[in-house]
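In what follows, residues are counted from 1 in the order of the sequence shown.
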Amino acid sequence: QSLTEIKPPADCRNAQLKMSAKQTRIPQQERRGVLELKDFVEKIRDVYEPKAEVILTELLIGDYENRLLKGDMERAFEVMENLLENAFKYGDGRTIAIDFYEEDYCQVIRVFNTGAVVTDTELPHLFDSFYRGSNVTDKPGNGLGLYISRQIMNKMDGEIFAERKENGMSFCMVFRL
């Protein structure tokens with residue numbers, strides 16, 4: 001037999017496959033349900049800094065302390081995408097700012113955009129399914145984005161809420177630490 005025809009016994013091949021799989025993967029139990037804030041922010045930068053530059057909107061990303069957050073990277077980014085796309089769509093195009101702070105053993109990520117604010121009567125309904133504010137008459141949409149975002153944050157044991165500001169709107173994602 002030539003060397004290429006000689007194969008180790010099946011039980012040795014399986015052991016080799018198991019070893020190589022263990023060496024290349026991060027143990028599932030250590031990473032399940034956790035995302036690193038640094039990776040999350042880098043993904044935001046990679047996707048949204050070029051977009052902001054093209055449409056001449058100032059995108060400010062504040063300082064943060066890297067930490068592990070309870071949640072799923074893809075689902076958390078889905079929520080962030082919705083908040084940022086809404087900020088681009090409904091803001092005045094001047095500034096979008098993302099800042100970070102810790103409160104009550106939670107990491108809060110706030111997305112603020114300058115522009116028109118919703119009324120006091122509209123604010124409690126922003127996360128209702130199919131609800132659209134009065135400032136969206138000429139903008140496409142179906143009123144599901146914030147509703148879905150709230151469902152996702154709840155599934156990750158987090159929260160999301162909106163705040164009216166003097167010169168714009170803030171939406172806050174809250175992650176358990």
Side-chain angles (χ1 to χ4, degrees), residues 26 28-49 51-52 57-129 131-136 141 143-177:
I26 296 171
Q28 190 69 11
Q29 66 273 19
E30 290 179 25
R31 298 300 293 169
R32 182 176 291 145
V34 176
L35 66 113
E36 194 170 346
L37 184 56
K38 175 183 67 73
D39 295 339
F40 189 60
V41 173
E42 285 175 12
K43 190 169 183 174
I44 294 166
R45 281 187 203 284
D46 290 346
V47 173
Y48 285 99
E49 281 183 342
K51 178 176 182 165
T57 296
E58 181 179 34
L59 178 62
L60 305 171
I61 299 178
D63 294 331
Y64 60 92
E65 183 179 319
N66 190 30
R67 58 187 51 170
L68 293 177
L69 309 177
K70 183 176 180 183
D72 176 81
M73 174 68 87
E74 295 308 312
R75 298 295 69 80
F77 193 72
E78 187 177 337
V79 173
M80 180 58 74
E81 280 179 310
N82 184 60
L83 297 181
L84 288 171
E85 292 299 330
N86 282 353
F88 283 111
K89 189 190 305 186
Y90 302 119
D92 62 10
R94 288 184 304 148
T95 303
I96 297 171
I98 304 170
D99 60 274
F100 308 85
Y101 61 95
E102 186 179 333
E103 186 174 288
D104 297 329
Y105 305 104
C106 293
Q107 176 67 53
V108 180
I109 303 173
R110 179 175 34 215
V111 177
F112 169 81
N113 64 275
T114 55
V117 297
V118 298
T119 66
D120 285 334
T121 56
E122 292 175 313
L123 189 63
H125 302 288
L126 290 180
F127 296 94
D128 294 347
S129 61
Y131 184 81
R132 299 194 73 211
S134 60
N135 64 333
V136 302
L144 287 173
L146 291 175
Y147 171 78
I148 292 168
S149 293
R150 174 164 275 168
Q151 300 306 308
I152 291 169
M153 291 304 295
N154 287 340
K155 293 265 187 214
M156 295 189 300
D157 197 25
E159 298 175 27
I160 186 170
F161 61 92
E163 299 174 313
R164 288 170 32 105
K165 299 292 182 185
E166 187 177 315
N167 58 343
M169 289 292 299
S170 285
F171 290 84
C172 298
M173 299 171 67
V174 181
F175 293 91
R176 305 276 178 244
L177 295 176

Fill in: Partner residues of Tyr64 under the ring-ring contact (aromatic ring centres under 6.0 Å, His included) criterion, sequence neighbours left out
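Partners of Tyr64 by the ring-ring contact (aromatic ring centres under 6.0 Å, His included) criterion, ordered by chain and then number, come out as Phe100.
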
Worksheet item: Can you name the side chain to side chain contact (heavy atoms under 4.5 Å, CB included) partners of Tyr101, sequence neighbours left out?
Response: Asp99, Glu103, Val108, Arg110, Cys172

Worksheet entry | Residue pairs passing the salt bridge (Lys or Arg N to Asp or Glu O under 4.0 Å) test where at least one lies in residues 79-90, sequence neighbours excluded |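 Sorted pair list: Lys51-Glu85.
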
Quick one, [X] and [Y] - any side-chain contact, counting heavy atoms below 4.5 Å?
X      : Y      : value
Met169 : Glu163 : no
Leu60  : Phe112 : no
Ile96  : Phe88  : yes
Phe171 : Asn86  : no
Ile44  : Phe77  : yes
Met73  : Phe40  : yes
Leu177 : Leu69  : yes

Discussion item. Asn66: which residues meet the side-chain hydrogen bond (donor to acceptor under 3.5 Å, both in side chains) condition with it, sequence neighbours left out?
Written reply: Glu36

Worksheet entry | Residues forming a salt bridge (charged side-chain N to carboxylate O under 4.0 Å, His left out) with Glu102, sequence neighbours excluded |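 With sequence neighbours excluded, Glu102 shows a salt bridge (charged side-chain N to carboxylate O under 4.0 Å, His left out) to Arg67, given in chain and number order.
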
Item to complete: Please lay out, stage by stage, how Ile61 and Glu49 fare under the test side chain to side chain contact (heavy atoms under 4.5 Å, CB included).
Response: CA-CA 10 Å; Ile61 299 178; Glu49 281 183 342; 4.2 Å; yes

Worksheet item: Taking 4.0 angstrom as the limit, do Arg45 and Glu42 come out as a salt bridge?
Response: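 No, no charged N to carboxylate O under 4.0 Å.
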
Discussion item. Assess, by modelled atom type and distance only, whether the side chains of Thr114 and Asp92 contain a donor and an acceptor separated by less than 3.5 Å.
Written reply: yes

Please check this pair: side chain of [X] against backbone of [Y], looking for a donor-acceptor N/O pair closer than 3.5 Å.
X      : Y      : value
Arg164 : Val118 : yes
Ser129 : Leu144 : no
Asp72  : Arg75  : yes

If every non-hydrogen atom of [X] is compared with every non-hydrogen atom of [Y], which pair is closest and at what distance?
X      : Y      : result
Ala76  : Met173 : O-CE, 3.5 Å
Val117 : Gly168 : CG1-O, 2.9 Å
Arg176 : Cys106 : NH1-SG, 3.0 Å

With a cut-off of 3.5 Å and sequence neighbours excluded, list every side-chain donor-acceptor pair involving residues 146-158.
| residue | atom | partner | partner atom | Å |
| --- | --- | --- | --- | --- |
| Ser149 | OG | Asn82 | ND2 | 3.2 |
| Ser149 | OG | Gly145 | O | 2.9 |
| Arg150 | NH2 | Ile160 | O | 3.0 |
| Asn154 | ND2 | Arg150 | O | 3.3 |
| Asp157 | OD2 | Lys70 | NZ | 3.2 |

Item to complete: Test Ile109 against Phe175 for side chain to side chain contact (heavy atoms under 4.5 Å, CB included), laying out the working first.
Response: CA-CA 8 Å; Ile109 303 173; Phe175 293 91; 3.7 Å; yes

Practice prompt. Calculate, to the nearest 0.5 Å, the distance between atoms CG and CG belonging to Asp39 and Leu37 respectively.
Written response: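 Asp39 atom CG to Leu37 atom CG measures 9.0 Å (nearest 0.5 Å).
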
Practice prompt. Output the distance between atom CG (Leu83) and atom CG (Asn113), rounded to the nearest 0.5 Å.
Written response: 9.5 Å

